[in-house]
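Along the sequence shown, residues carry numbers from 1.
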Amino acid sequence: MNFQSIEYVVFIIAVVLLYWTVCGRSKTLQNGLIVASSLVFYGWFEWRFVGLLVITALSTFFSGLLMGNMENQPRRKRILVGVLLLNLGILFFFKYFNFFIGSFKDFASLFGCHININMLKVVLPIGISFYTFSALSYTIDIFQKKVEPTKDILAYFAYVLFFPSILSGPICRAQKQLPQYFSVRKFDYNLAVRSCQLILLGGVMKLCLADRLGIYVDTVYNNITLHNGSTLLFTSILYTVQIYADFAGYSLIAIGSGRLLGIELQTNFSRPYFAKTITDFWRRWHISLTTWFRDYIYFPLGGSRCSKYRWMFNTMVVFIISGLWHGAAYNFIIWGVIHGVCMLIERQFYGDKIKRISDKLTIGNVLRWFITLAVINFSWVFFRINDLNDITIFFRKLLTEPGRIFLDADNLLYAFVFTVFICIVDFVNEYRKIKGSQIGSMKNVYRYFSCVAMASMILLFGVLDGGSFIYFQF
């Protein structure tokens, strides 16, 4: 069941009612309900892969217990390597096996060798990248002695399987999320209202904006050869808005759903299109993934506390892996390389001053913002178009075939209105520094009005039969 489906609305209402009534006084019952409902939620998409989910949870749980009771460092390291090989091996097989086999065949053909290896018909388990990273953070943190292993298997399963975040994040971190499952959660009426606001705002972003834009974007990008350069440029701008509204909308629904159950998930977006550098963009975009790569790949490689060339190497490794994490295709690698190279250029240009760029609305910051957004928009072309030949056609037409822009008046009009709405919300939060989440600090009457208004927007203008979230494919 998708977050935007009527099935999910019924599901979350039923879970919340049971959670705060039948299970309200017992940590065990609350965690048990989370585990059961999460298995139902995940199995609704594909029951055949529930076993993989359980394998990941069990392997990381018991490896944590073993390492916690062991002082012998070489043995602890062997356990860590074993659980990493198991879980990353599962991830590699389902997500990357065919890609690397195809790449190997392509490489061999350059030297005249034709290797006959058949591709496997592998179905990618939904959410595997997200729940694998959440579970591995626990094991790695125990190895690094940042957290103590838990013996409460029910609480741990609730952490790994938590249904609001299992499909597309935010990626959970054991240090922050796991302790929340060790005590009884208490119902907070005001928090529940603010949670509903987040869910509805996420619904507006997804159904009224992202899915409206998706109708136009898919029409153009699925038929690149039929459209001129002006239309393709316009579509690339719309996709830049679409992917933000889609993924940030998902994250808001996930965070709001978590808060309805008394669980605080990590903030995943902080107005990324207000960034003034690519470095700043990655502090604001998909924060749970960025910080995961920083803590478990970038820092262990040496981070920035090393030679200049080693730092450049570390940065590029992280962004190439980031590209591959998003998809087993060359276009994602190119997307990652673009961002990595831009960060290296910025560091060379700004030096340490890049950390001290002000937030004020100055001419210099407006120029930085425009350049950053142009680079981001350029890179999203490689993210959205999987076929390298289509990417070549895209840029050839962009440079040689101007013309009238193809218009879909109704969808674009609705999309424009809701783009303005989301821009106003983000602008107010960026420059007025309103505390709390989105419009969550208003007085009660305005809270209720905002909930009714956003629910009405969704029912009146939302694409209620739209597709799944973009990041489900990762």
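A distance-only check finds a donor-acceptor pair linking the side chain of S230 to the backbone of G403 [under 3.5 Å]. Under a 3.5 Å cut-off, the side chain of T132 and the backbone N or O of S129 do not form any donor-acceptor pair. A donor-acceptor contact shorter than 3.5 Å links the side chain of R185 to the backbone of Q180.
Checked against side chain to side chain contact (heavy atoms under 4.5 Å, CB included), L29 has the following partners two or more places apart in sequence or in another chain: C23, S26. By the side chain to side chain contact (heavy atoms under 4.5 Å, CB included) test, V317 pairs with L301, F313, I321, sequence neighbours left out.
The aromatic ring centres of F274 and W369 sit 6.0 Å or more apart. In summary, the aromatic rings of Y181 and Y156 are positioned with their centroids too far apart to meet the 6.0 Å limit. In this structure, the ring of W44 has its center no less than 6.0 angstrom from the ring center of F41. Taking the six-membered ring for Trp, F378 and F395 have ring centres closer than 6.0 Å. Checked against the 6.0 Å centroid threshold, Y138 and F133 do not count as a close aromatic pair.
The CD1 atom of I253 lies 10.0 Å from the CG atom of L198; values are rounded to the nearest 0.5 Å. A distance of 11.0 Å separates CZ in F281 from SG in C342, rounded to the nearest 0.5 Å. The line from CH2 of W335 to OG of S322 is 4.5 Å long, rounded to the nearest 0.5 Å. Note: L407 CG to F234 CZ = 6.5 Å, rounded to the nearest 0.5 Å. To the nearest 0.5 Å, the span separating OH on Y96 from CG on L124 amounts to 9.0 Å. Interatomic distance, N268 CG to R284 CZ, rounded to the nearest 0.5 Å: 14.5 Å.
A salt bridge links R173 with D295: the closest approach of a Lys/Arg side-chain nitrogen to an acidic carboxylate oxygen falls below 4.0 angstrom.
For N87 and Y131, the side-chain atoms include no donor-acceptor pair closer than 3.5 Å. Side chains of T231 and N228: a donor on one and an acceptor on the other come within 3.5 Å. Of the N and O atoms on the side chains of N377 and Y273, not one donor lies less than 3.5 Å from an acceptor on the other residue. No hydrogens or angles considered: a donor-acceptor pair under 3.5 Å links the side chains of H339 and W282.
Q266 approaches I255 most closely through the heavy-atom pair O-CD1, 3.6 Å. Closest heavy-atom contact between K276 and D280: N-OD2, 3.3 Å. Across all non-hydrogen atoms, the minimal contact from P272 to Y244 is CD-CE1, 3.5 Å. For the pair L167 and F130, the tightest heavy-atom approach, listed with the atom from each and the gap, is O-CD1, 3.2 Å. The shortest non-hydrogen separation linking S137 to S134 is OG-O, 2.8 Å. Between N386 and N331, the shortest heavy-atom distance links the atoms OD1-ND2, 3.3 Å.
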Result block: side-chain N/O donor-acceptor pairs under 3.5 angstrom for residues 451-464, not counting sequence neighbours:
unit_1	atom_1	unit_2	atom_2	d
S456	OG	V452	O	2.8

Report, one line per pair, each donor and acceptor closer than 3.5 Å where one atom sits in a side chain of residues 213-220; sequence neighbours left out.
unit_1	atom_1	unit_2	atom_2	d
Y216	OH	F406	O	2.5
D218	OD1	R384	NH2	2.9
T219	OG1	I215	O	2.7

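Pairs of residues two or more places apart, or lying in two chains, never qualify as salt bridge (Lys or Arg N to Asp or Glu O under 4.0 Å) while including a residue from residues 319-337. Residue pairs meeting the salt bridge (Lys or Arg N to Asp or Glu O under 4.0 Å) criterion with at least one partner in residues 7-28, sequence neighbours excluded, are K27-D152.
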* Audit row: Y42, F49, side chain to side chain contact (heavy atoms under 4.5 Å, CB included) steps and yes/no -> CA-CA 9 Å; Y42 191 83; F49 293 128; 4.1 Å; yes
* Audit row: D426, N429, side-chain hydrogen bond (donor to acceptor under 3.5 Å, both in side chains) steps and yes/no -> CA-CA 5 Å; D426 279 1; N429 282 284; 5.3 Å; no
* To do: Evaluate the criterion side-chain hydrogen bond (donor to acceptor under 3.5 Å, both in side chains) for residue pair Y189 and R194; output intermediate values, then yes/no.
  => CA-CA 9 Å; Y189 176 77; R194 293 196 297 271; over 6 Å; no
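Seen from the ring of W20, K186 does not count as a face-on cation partner, given the 6.0 Å and 45° thresholds.
Between F421 and F418, the angle of the ring planes goes over 60°, which puts this pair in the perpendicular group of the 30/60° scheme.
Crowding of F416 atom CZ: a count of heavy atoms from other residues, nucleotides or ligands under 6.0 Å not exceeding 12. When the shell of 6.0 Å around CG of L17 is examined, it contains more than 12 heavy atoms from other residues, nucleotides or ligands.
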